[in-house]
Amino acid sequence: MAEQSRILKLGIHGFDGLFATGIPSGSAVLVEGGPGSGKTNFCLTALLSLCKQGHKCLYMSFEEPEPRLREHLSGFSIKPEELEKKGILKIKRFNALDIARSVEALLSEAKKELLIDVQPVLIPTDFEPDIVFVDSLTSISSAFSGEEYRFRIYMEQFFRYLEKNNITSFLIREVAHPTHTGDLFEEQGEAVSFLSDGIIAIYNTLYTDTGKRGRALEVVKMRGTEFKRQIVEFEITKEGLKVYAERMLKGPYKLT
Ligand SMILES: Nc1ncnc2c1ncn2[C@@H]1O[C@H](COP(=O)(O)OP(=O)(O)OP(=O)(O)O)[C@@H](O)[C@H]1O
Ligand SMILES: [Mg+2]
């Protein structure tokens with residue numbers, strides 16, 4: 001990638017201004033939030049903008065089928081099909097159970113070494129992306145049910161693979177409770193928190209006086225850049241996310 005691409009601008013309205021510079025390329029960034037909080041829409045908005053800037057992007061969906069994801073993008077001014085034709089975008093659905101089975105087979109072959117080659121299990125061999133989106137780690141982790149150590153090994157290898165190939169990644173993780181609001185919680189797949197370079201937390205907000213719900217997000221961690229430590233509101237529109245960094249959350253509220 002060219003020199004100027006060392007720092008990524010996600011091109012999400014109002015979001016890039018939260019950073020002194022931007023997201024260092026090569027980072028592994030977790031996008032965390034509760035059900036329906038907007039994780040997929042956040043990633044899809046970034047996806048199209050990054051493709052438009054010339055980055056080769058792979059969207060790996062373990063949840064929604066490809067046509068549904070393209071449907072989410074139908075309101076955007078640029079059509080995903082055009083980007084796919086140009087070879088700059090690939091949207092692909094994966095089956096998490098297949099991956100869990102392949103990892104099991106690889107691990108029994110590798111015996112004690114615990115070193116497996118995740119590349120054939122994960123990244124399509126005919127596409128070399130600069131940026132990968134995984135929607136979601138939670139689905140992969142569920143497919144490893146009861147085999148937490150296998151998921152851990154797989155994740156470590158996956159992060160190593162991304163790092164070696166200088167691939168930037170956005171990894172969605174569904175969390176039952178917001179991680180960063182003081183609630184104590186334990187869950188499968190905690191290993192990924194310390195392996196990651198950045199965490200973006202997405203919240204469903206509840207205004208307790210009016211009973212209205214809203215949406216908010218914050219950058220919790222981003223190695224290698226300063227950022228505004230502030231929870232900001234956003235909206236989901238048919239053209240993707242719009243972040244309002246200048247709007248403070250008003251009145252009594254809870255993050256859910
Ligand atoms: N064009 C739109 N305008 C307004 N709201 C929208 C639009 N498209 C989607 N939404 C809202 O976005 C919400 C879901 O967003 P998204 O799928 O990104 O969340 P998620 O965190 O990925 O959810 P999940 O936990 O199901 O994976 C839906 O509840 C829907 O109401
Ligand atoms: Mg989703």
Side-chain angles (χ1 to χ4, degrees), residues 26-40 42-43 58-65 92-124 129 131-165 167-204 218-223 255-256:
S27 302
V29 181
L30 295 177
V31 178
E32 298 191 337
S37 55
K39 304 177 295 295
T40 298
F42 177 91
C43 286
L58 170 66
Y59 198 94
M60 304 172 62
S61 174
F62 293 86
E63 299 187 356
E64 298 182 66
K92 193 165 159 58
R93 180 157 195 215
F94 291 79
N95 182 333
L97 279 172
D98 288 347
I99 291 198
R101 276 190 219 110
S102 308
V103 169
E104 190 183 333
L106 282 170
L107 278 175
S108 54
E109 259 172 51
K111 304 244 162 50
K112 294 183 295 250
E113 290 175 33
L114 303 185
L115 271 180
I116 53 168
D117 185 4
V118 297
Q119 204 272 340
V121 186
L122 205 55
I123 309 287
I131 303 173
V132 166
F133 293 81
V134 178
D135 191 352
S136 66
L137 291 185
T138 320
S139 318
I140 304 179
S141 139
S142 317
F144 280 84
S145 61
E147 302 288 353
E148 171 72 1
Y149 85 100
R150 278 191 194 145
F151 177 69
R152 259 186 106 101
I153 292 168
Y154 175 64
M155 273 300 117
E156 278 166 18
Q157 304 292 318
F158 182 49
F159 277 87
R160 197 172 299 177
Y161 169 81
L162 295 171
E163 197 184 306
K164 199 174 103 206
N165 293 285
I167 297 173
T168 308
S169 56
F170 293 90
L171 310 159
I172 292 182
R173 186 157 77 140
E174 184 163 318
V175 292
H177 307 285
T179 353
H180 313 290
T181 51
D183 286 343
L184 268 183
F185 88 114
E186 279 185 42
E187 57 151 347
Q188 246 198 341
E190 274 173 305
V192 296
S193 279
F194 61 83
L195 290 170
S196 70
D197 300 302
I199 300 177
I200 294 164
I202 305 193
Y203 303 112
N204 283 304
E218 83 179 300
V219 181
V220 177
K221 150 176 166 179
M222 195 61 67
R223 290 179 180 150
L255 300 173
T256 64

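No experiment lies behind these values; they were computed from the predicted model shown.
When atom types are taken as modelled, the side chain of Asp197 and the backbone of Val29 share no donor-acceptor pair closer than 3.5 angstrom. In this structure, the side chain of Ser169 does not engage the main chain of Val132 through any donor-acceptor pair within 3.5 Å. In this structure, Ser196 contributes its side chain and Leu30 its backbone to no donor-acceptor pair below 3.5 Å. Side chain of Arg93 to main chain of Glu63: a donor-acceptor pair is present (N/O by atom type, distance under 3.5 Å, no hydrogens or angles). The backbone N or O of Ile167 sits nowhere less than 3.5 Å from a side-chain atom of Asn165 that would complete a donor-acceptor pair.
In terms of heavy-atom proximity, Leu195 sits nearest to Glu156 at CD1-CG, 4.0 Å. Contact detail for Glu32 and Lys39: the closest heavy-atom pair is C-CD, 4.1 Å. Between Pro129 and Leu58, the shortest heavy-atom distance links the atoms CB-CB, 3.9 Å. Smallest separation of non-hydrogen atoms from Cys43 and Phe170: SG-CB, 4.4 Å. What you find for Met155 and Leu137 is that their closest heavy atoms are CE-CD2, 3.7 Å. Closest approach of Ile131 and Phe133 over heavy atoms only: CG2-CE1, 3.7 Å.
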Could you go step by step and tell me if Phe158 and Val103 meet the side-chain contact (heavy atoms from CB on, under 4.5 Å) rule? CA-CA 11 Å; Phe158 182 49; Val103 169; over 6 Å; no
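Side chains of Phe144 and Ile153 form no contact here, defined as non-hydrogen atoms less than 4.5 Å apart. With a 4.5 Å cut-off on side-chain heavy atoms, Arg223 and Ser27 do not count as touching. Contact of the Val31 side chain with the Ile202 side chain is registered, since non-hydrogen atoms from C-beta on lie closer than 4.5 Å.
Ser139 and Ser142 form no side-chain donor-acceptor contact under 3.5 Å, judged by distance and modelled atom types alone.
How far OG of Ser141 is from CZ of Arg152: 12.0 Å, rounded to the nearest 0.5 Å.
A tilted orientation is assigned to the rings of Phe151 and Tyr154, their planes being inclined by 30° to 60°.
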